[in-house]
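Since the structure comes first, as structure tokens, the remarks are kept for the end.
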Amino acid sequence: GAVVSQHPSWVICKSGTSVKIECRSLDFQATTMFWYRQFPKQSLMLMATSNEGSKATYEQGVEKDKFLINHASLTLSTLTVTSAHPEDSSFYICSASLGTERKYGYTFGSGTRLTVV
Amino acid sequence: KQEVTQIPAALSVPEGENLVLNCSFTDSAIYNLQWFRQDPGKGLTSLLLIQSSQREQTSGRLNASLDKSSGRSTLYIAASQPGDSATYLCAPGDDYKLSFGAGTTVTVRA
């Protein structure tokens, strides 16, 4: 089946540094990818929608200058957390739609645990 | 804005019991609905996808029903096993994104 590979699975960084998270579709082309954030014992919150070759669409309240998203190819989207602070510590998950039509559903990466110290 | 509620928030049952997980959503104009499983510290695994035109979908011991007009979906897990212990998430999809509930955390005791 369709697989989305997300790396790294966990990362610890110092406050003020930047961290890049990669999301790759391994056996299919993903025109659209999605980035979510999840706090402990809470639901997934959609941060932004990433479209190949165009600017990402950010949800209300998400700082686009802090969470940089790049979708340069049909198989790779990246999320860069810039000037990270402890409050950015969270679980980040990417997702891709399985086809150009929504009826095919979505598949998710394995997530990245970010800890900012 | 789509609001998704999952009841109960947590469930603990002995092995072998059938599980019933409920999901309700406020906007019935959905394209489809997916049920996911999430293990601690892991990503999401898709369990079932129900199109808006369907009433139910089955896969092995799992069965999900959808009543789009009333904004409800139910996930049934038959003959539960300890390996079914996880958080189950309901996600109705509109034409461009999924919305998630907080999930039901299931513990199946051996």
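Labels below follow one simple rule: chain letters A, B, ... track the order of the sequence lines, proteins then strands, and each chain is numbered from 1.
- If you measure heavy-atom distances from B/Q38 to chain A, the contacts under 4.5 Å come from the side chain alone.
- With a threshold of 4.5 angstrom between heavy atoms, A/L46 approaches chain B through side-chain atoms but not through N, CA, C or O.
- Of the residues considered (A/L44, A/T107, A/I93), A/L44 shows the highest number of contacts with chain B, using heavy-atom pairs under 4.5 Å.
- Rounding to the nearest 0.5 Å places CZ of B/F36 at 6.5 Å from OG of A/S95.
- For B/L89, the part lying under 4.5 angstrom from a heavy atom of chain A is the side chain only.
- Considering OG1 of A/T80 and CD of A/E22, their distance stands at 9.0 Å, rounded to 0.5 Å.
- In the model, A/H7 has a side-chain atom that pairs as donor or acceptor with a side-chain atom of A/S5 under 3.5 Å.
- Residues B/N32 and B/S52 have side chains that never bring a donor and an acceptor to within less than 3.5 angstrom of each other.
- Neither the backbone nor the side chain of A/Q6 comes within contact range of chain B, judged by heavy atoms closer than 4.5 Å.
- Heavy atoms closer than 4.5 Å to chain B are found in the side chain of A/E59, but not in its backbone.
- In terms of modelled atom types and a separation under 3.5 Å, the side chain of A/S90 and the main chain of A/Q38 share a donor-acceptor contact.
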